[in-house]
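Read through the structure below, which is laid out as structure tokens, and then see the notes.
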Amino acid sequence: MDAMTTIAISLESLPRGQRAVVAGIDWQGLSIPEARRLRELGFDEGVGVEVLHRSPLGRGPMACRIGRMTVALRRTVAGTIRVSPLHR
């Protein structure tokens, strides 16, 4: 089974350290500046992503790796990104 046949979940709920592929982004659920920032950072379908760190108590931002970059995303933004987890 490959990444494209796996059920997509939100990036917000992806376990730390689990690699995934972006399956889709709810662009309508983002403000124009948020959508622009995601595009500038390279978030798009088919791109690999991994959750590196979450803030304590699950309220603050989370750190993700996309390509060779580490980026911080607010939980609401991460919730609009659907990912297909890769099997280890």
Side-chain angles (χ1 to χ4, degrees):
M1 183 179 288
D2 63 40
M4 295 303 142
T5 59
T6 305
I7 302 289
I9 60 172
S10 73
L11 178 59
E12 179 183 17
S13 63
L14 186 70
R16 189 171 64 86
Q18 173 72 50
R19 293 181 184 196
V21 173
V22 175
I25 300 171
D26 177 15
W27 297 110
Q28 304 302 320
L30 298 166
S31 69
I32 291 172
E34 289 169 334
R36 183 180 313 123
R37 179 173 179 254
L38 284 185
R39 286 186 177 102
E40 289 171 351
L41 291 171
F43 277 90
D44 204 358
E45 287 185 28
V47 174
V49 66
E50 177 184 1
V51 174
L52 300 175
H53 180 73
R54 286 188 167 81
S55 60
L57 304 177
R59 292 185 170 212
M62 54 193 294
C64 299
R65 178 178 295 132
I66 178 166
R68 295 186 305 169
M69 292 185 300
T70 300
V71 297
L73 296 174
R74 288 195 315 250
R75 295 294 179 109
T76 55
V77 172
T80 66
I81 302 169
R82 305 296 292 172
V83 298
S84 296
L86 298 174
H87 299 286
R88 296 178 191 221

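From a predicted model like this one, the values you see are computed outputs, not experimental measurements.
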Might you work through the side-chain contact (heavy atoms from CB on, under 4.5 Å) test for I81 and L38, ending with a clear yes or no?
CA-CA 10 Å; I81 302 169; L38 284 185; 4.1 Å; yes
Report whether L41 and I32 are members of the same hydrophobic cluster (ILVMFWY, side-chain heavy atoms less than 4.5 Å apart, transitive linking).
no
What closest approach, in Å, do G42 and V47 show between heavy atoms, and which atom pair accounts for it?
O-CG2, 3.5 Å
Look up atom OG1 in T80 and atom CZ in R74, then write down how far apart they are to the nearest 0.5 Å.
10.0 Å
May I ask you to test the S10-V83 pair for a side-chain heavy-atom distance under 4.5 Å?
no
Side-chain touch P15/V51, heavy atoms, less than 4.5 angstrom:
no
For the pair L52 and E50, evaluate side-chain contact (heavy atoms from CB on, under 4.5 Å) and give the outcome as yes or no after the intermediate values.
CA-CA 6 Å; L52 300 175; E50 177 184 1; 4.0 Å; yes
Would you tabulate the side-chain donor-acceptor contacts of residues 21-30 under 3.5 Å, counting partners in other chains and residues two or more places apart, or write 'none'?
from: D26; atom 1: OD1; to: Q28; atom 2: N; distance (Å): 3.4
from: D26; atom 1: OD1; to: G29; atom 2: N; distance (Å): 3.3

Strictly distance-based, threshold 3.5 Å: is any side-chain N or O of [X] a donor or acceptor partner for the main-chain N or O of [Y]?
| X | Y | result |
| --- | --- | --- |
| R82 | A8 | yes |
| E34 | S31 | yes |
| R54 | E12 | yes |
| R75 | G60 | yes |

Tell me, with the steps shown, if C64 and L11 meet side-chain contact (heavy atoms from CB on, under 4.5 Å).
CA-CA 9 Å; C64 299; L11 178 59; 4.0 Å; yes
Is the CZ atom of R39 crowded by more than 12 outside heavy atoms at less than 6.0 Å?
yes
side-chain contact (heavy atoms from CB on, under 4.5 Å) between R37 and L73: does it pass, once the steps are laid out?
CA-CA 10 Å; R37 179 173 179 254; L73 296 174; 3.8 Å; yes
